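All remarks here apply to the structure that follows.
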Amino acid sequence: MLLQEGLWATLRLSEKFILLLILSAFITLCFGAFFFLPDNSKHKRFDLGLEDVLIPHIDSKRIQGPNPCPLSPCPKWWASAMASLLSPMSKKNATRSERWACECVCVCLRVCYGGMMKHAWDSYRQYGWGHNELKPLAKKGHSTNIFGNSQMGATIVDALDTLYIMGLHEEFKDGQEWIEQNLDFGVNAEVSVFEVNIRFIGGLLAAYYLSGQEVFKLKAVQLAEKLLPAFNTPTGIPWAMVNLKSGVGRNWGWASAGSSILAEFGTLHMEFVHLTYLTGNPAYYQKVMHIRKLLAKMDRPNGLYPNYLNPRTGRWGQHHTSVGGLGDSFYEYLLKAWLMSDKTDTEARKTYDDAIEAIERHLIRKSNGGLTFIGEWKNGHLERKMGHLTCFAGGMFALGADGSPDDKAGHYLQLGAEIAHTCHESYDRTVLKLGPEAFKFDSGLEAVAVRQNEKYYILRPEVIETYWYMWRFTHDPKYRQWGWEAAQAIDKYCRVSGGFSGVKDVYSSNPTYDDVQQSFFLAETLKYLYLLFSSDNLIPLENWVFNTEAHPLPVLHLDSEAEAGSKYGDL
């Protein structure tokens, strides 16, 4: 060989340099073969300066096998490299070669998560195409009452931007063709306004901004028009459900005294502002700003927002406050309204700060074992229980740290880290290393589910979402390590031949399946895992804001709130 010791010694220094340069270029070319860039020649993407950033994507041809993790196409040493290179102690003394090896590991992990996405998508494509979701064991379509009785292809719409971000463009094209030919909103179906907004409108808008394909914007606007009748209530607080054909709305029968739910009517702002931005129609902006102004006038017990509000009377229902289910994304959207406005919507930021202050005072506690948790306020009593849904709050606190009042940025970043640690413990204290739906801090039990109906895991993303935000803001390698642990557990215990399924008991060594592949698994869980091991330049947070279903929407660079008001119209 040319590089044998004798021949190498005869080469001049300049020849050695040229040879090494050629060799390094060849290695770079081979390394780059793992990825390909999206084809921007056929469409115009939303201009955020990303066109000049080299963003690696997964090559779908490399992940066709039944399970690419961990040996193919990754080197055999990568599993041990994960343990050593992503450990908390390695970052301080990492050499250049170790850092390069760590990047190789991250490349392999992205390939693996792309492989999980391919398995989930291909299974849905084969067994549930056009249905809302998939039953991976029965290998047939599945739907729930949040989508009514229609086949609206929820998984297709929800997964589009994940496919695009991962570079799975053939799969993205299949989804686009189905939407062009089959997605119809004139059906006689009663759907959840909240779920359809975050999954469908959010998913379609994100697909439009990423790809530039006009069909996604057109479909989003068509659907939004179908949701507007839900706001025809005495207060302007929308009904929870609306019939897409008749426009008749109503609330869930189980909600307190016919109330609407805080997290549902409070999680419309991002999508509706973008609809006005794209169409010039002020109706969408006016609907969500009316909700904000109504809430601003209302008394709040202890500064807390109850989860129930009657749309007929404008009065609070049962005094139950939660940062988990029923309340969660209301607080998230206050912060993200400010971020999405390029930090000009100071009213949203002030409302967020006031709400978080009340939450910290009344809901956040430390357990006897030192775990920080967020409880639920019920009729003057703090329930020492935290839901998996609440675990998103760690990422929210980190995201909102910059810009917090009284120089408390460090405090809120630390609070985010403490919530992330608690939620990791809820995973680590189970047999399957997957987190339960809810866990208690009472009677000597900490971060452990007690009731049987709280021991399930349905492929939820919130814990991994917080890992990703904490990684972006701290680059502490433990968050990648924790994310990899969760991914291994999902792939080991939730993967079945027909896709991925939730499990009914995370404390059982022989788990049974719920036989549902949720659309949010493709929209959120796998996307956050992929981003966790990607460059910060892939969907940079200074340019994009994720809706609560992990659909990225661009920051709107308006000069001021006055400009927003003139553009969107007066209330």
Side-chain angles (χ1 to χ4, degrees), residues 124 128-135 140-158 178-179 182-205 218-269 271-272 275 283-284 287-288 290-291 307-313 317 325-326 328-330 458 514 516-520 523 547-549 551:
Y124 169 79
W129 193 240
H131 290 266
N132 289 314
E133 292 174 319
L134 171 67
K135 295 179 76 67
K140 63 181 183 180
H142 170 75
S143 192
T144 63
N145 61 348
I146 61 174
F147 305 119
N149 56 4
S150 62
Q151 296 183 23
M152 295 172 60
T155 294
I156 297 173
V157 179
D158 228 2
W178 186 92
I179 287 170
N182 300 287
L183 188 54
D184 177 20
F185 303 122
V187 293
N188 184 19
E190 190 179 53
V191 301
S192 163
V193 174
F194 162 73
E195 295 287 357
V196 165
N197 175 64
I198 65 171
R199 301 193 200 206
F200 282 82
I201 294 181
L204 290 165
L205 289 176
L218 176 64
K219 292 290 185 179
V221 174
Q222 289 175 352
L223 177 55
E225 287 296 312
K226 295 289 186 179
L227 297 186
L228 286 180
F231 292 82
N232 295 334
T233 66
T235 61
I237 297 294
W239 300 112
M241 292 177 288
V242 68
N243 187 293
L244 293 176
K245 188 171 185 178
S246 69
V248 175
R250 69 179 178 92
N251 275 340
W252 303 107
W254 50 264
S256 173
S259 291
S260 298
I261 297 167
L262 182 69
E264 295 192 344
F265 65 75
T267 310
L268 302 167
H269 189 97
E271 297 82 2
F272 274 48
L275 287 165
Y284 307 110
K287 297 294 186 187
V288 292
H290 177 79
I291 294 172
N307 290 336
Y308 299 104
L309 180 62
N310 192 300
R312 291 190 175 92
T313 66
L326 307 180
D328 46 11
S329 48
F330 165 73
I458 57 172
D514 67 6
V516 179
Q517 180 176 281
Q518 307 277 351
S519 78
F520 57 68
N547 87 338
T548 198
E549 189 78 2
H551 296 307

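Only this structure's heavy atoms are used, side chains among them; waters, hydrogens and symmetry mates stay out. As the structure is a computational prediction, the values presented were derived from the model and not from experiment.
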Legend entry - Under 3.5 Å donor-acceptor, Ser259 side chain and Ala255 backbone: no
Legend entry - side chain to side chain contact (heavy atoms under 4.5 Å, CB included) against Glu195, all qualifying residues, sequence neighbours excluded: Ile146, Ser192, Ile198, Arg199
Inset, instruction - Start with the C-alpha distance between Ile458 and Val516, add both sets of side-chain angles, then the distance that settles side-chain contact (heavy atoms from CB on, under 4.5 Å), and finish with yes or no. - result: CA-CA 8 Å; Ile458 57 172; Val516 179; over 6 Å; no
Inset, instruction - May I have the step-by-step check of side-chain contact (heavy atoms from CB on, under 4.5 Å) for Asn132 and Thr144, ending in yes or no? - result: CA-CA 8 Å; Asn132 289 314; Thr144 63; over 6 Å; no
Legend entry - Rounded distance (nearest 0.5 Å) linking atom CG of Asn307 with atom CD1 of Ile261: 8.5 Å
Legend entry - Nearest-0.5 Å distance, CZ of residue Phe231 to CG of residue Leu268: 5.0 Å
Inset, instruction - Write down the atom of His131, the atom of Tyr124, and the distance for their closest heavy-atom approach. - result: O-OH, 2.5 Å
Legend entry - Heavy-atom closest contact (Asn251 atom, Pro311 atom, distance): ND2-CG, 3.5 Å
Inset, instruction - Supply the atom-to-atom distance Phe194 CZ to Phe265 CZ, rounded to the nearest 0.5 angstrom. - result: 12.0 Å
Legend entry - Nearest heavy-atom neighbours spanning Ser143 and Ser150: OG-O, 4.3 Å
Legend entry - Leu309 and Leu262, any side-chain heavy atoms less than 4.5 Å apart: no
Legend entry - Note, Asn145 side chain near Trp252 side chain (heavy atom, < 4.5 Å): yes
Inset, instruction - Could you tell me whether the side chain of Val187 reaches within less than 4.5 Å of the side chain of Asn149, counting heavy atoms only? - result: no
Legend entry - Smallest separation among heavy atoms of Val191 and Phe147, with atom names: CG1-O, 3.6 Å
Legend entry - Exercise: identify the closest heavy-atom pair between Ala263 and Ser329: O-OG, 3.5 Å
Inset, instruction - Give the minimum heavy-atom separation between Phe272 and Asn197, together with the two atoms involved. - result: CE1-OD1, 3.5 Å
Inset, instruction - Would you check if Ile291 and Lys287 make a side-chain contact, meaning some heavy-atom pair closer than 4.5 Å? - result: no
Legend entry - pair Tyr284-Val221: side-chain heavy atoms closer than 4.5 Å: yes
Legend entry - Side chains of Leu227 and Glu271 in contact at under 4.5 Å (non-hydrogen atoms): no
Legend entry - Step-by-step side-chain contact (heavy atoms from CB on, under 4.5 Å) determination, Lys219 to Leu223: CA-CA 6 Å; Lys219 292 290 185 179; Leu223 177 55; over 6 Å; no
Inset, instruction - Side-chain contact test, heavy atoms from C-beta onward, threshold under 4.5 Å: evaluate it for Glu549 versus Ser519 and give yes or no. - result: yes
Inset, instruction - Please assess Trp239 against Val193 for the test side-chain contact (heavy atoms from CB on, under 4.5 Å), listing each intermediate value before the final yes or no. - result: CA-CA 8 Å; Trp239 300 112; Val193 174; 5.8 Å; no
Inset, instruction - Check whether any side-chain heavy atom of Asp158 sits under 4.5 Å from a side-chain heavy atom of His551, and report yes or no. - result: yes
Legend entry - CG-CD1 distance between Asn182 and Ile156, expressed to the nearest 0.5 angstrom: 8.0 Å
Legend entry - Pairwise distance CG(Asn547) to CG(Leu205) - rounded to 0.5 angstrom: 9.0 Å
Inset, instruction - State the CD-CD distance between Glu133 and Gln518, to the nearest 0.5 angstrom. - result: 5.0 Å
